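This is a predicted model, so every value here is computed, not measured.
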Amino acid sequence: MNTKGVTIGFYTAVLIAVAQLVASSGRAKCHGGIFPKYMVEIINGIGPEIEVHCKSKDDDLGVHHMAYGQGYYFGFRASIWGTTLFYCSARWNGRTEYFDAFDEKKDMIPSMDNGCLCSWLLKPDGPRFQKPKTTGHDDCRGWKPK
């Protein structure tokens, strides 16, 4: 009998079970098990109308015009390689600014702790991220350098 193969199979099964438990434990609001679906929310807190354009390396989500207080939402599943990045531009009054709407390396865990929601409130001084277990968008990350 090949005990090495049995041992590897056992540890693989345990690893999968632990990963499933971790994915479903404190992050019960995330659906999809190990590969949950994330939702990005972008809210206009800047002015009467802004134009938001979001993209990833593979997807162009188009231009969206948003009134003050209006939200734009999009969902996706993150890459198994940990490289998912959605970046956006916001344009208003002749001004264009840029921010990362979802960077898997820094936004995955806070978003999972927030029910797989990555919520942003756009303000003139920069996008504000809603930290897990808070009701406000109090983490101002600033616009990306041009």
Using salt bridge (charged side-chain N to carboxylate O under 4.0 Å, His left out) as the criterion, list what pairs up with R141, not counting sequence neighbours. D107, D139

Which heavy-atom pair separates Y87 from S56 by the least distance, and what is that distance? OH-O, 3.7 Å

Does anything in residues 36-81 form a disulfide (SG to SG under 2.5 Å)? List the pairs, not counting sequence neighbours. C54-C88

Please examine the side chains of H53 and H64, heavy atoms only from C-beta on, and report whether any two atoms are closer than 4.5 Å. no

Close aromatic pair by centroid cut-off 6.0 Å: Y98 and W143: no

Same apolar cluster (I L V M F W Y, side chains within < 4.5 Å links), M39/M66: no

Any side-chain heavy-atom pair from K105 and T83 closer than 4.5 angstrom? yes

Who pairs with H137 by ring pair (Phe, Tyr, Trp, His ring centres under 6.0 Å), at least two apart in sequence or on another chain? none

Apply salt bridge (charged side-chain N to carboxylate O under 4.0 Å, His left out) to D58 and K55, showing your working. CA-CA 8 Å; D58 301 317; K55 301 177 180 183; over 6 Å; no

Determine whether Y38 and F102 satisfy the following criterion, ring-ring contact (aromatic ring centres under 6.0 Å, His included), listing intermediate values before the conclusion. CA-CA 9 Å; Y38 292 90; F102 186 87; 5.1 Å; yes

Pairwise distance CZ(R91) to CD1(I50) - rounded to 0.5 angstrom: 11.5 Å

So, taking the atom named CD1 in I43 and the one named CZ in R128, what distance separates them when rounded to the nearest 0.5 Å? 12.5 Å

On a heavy-atom basis, which atom in W92 and which in E49 lie closest, and how many Å separate them? CB-O, 4.0 Å

Co-membership, hydrophobic cluster, residues L117 and L121, 4.5 Å side-chain: no

In V40, N44, L61, the residue satisfying side-chain contact (heavy atoms from CB on, under 4.5 Å) with Y72 is L61

For P36 and C116 the tightest heavy-atom approach is CB-SG, 3.8 Å

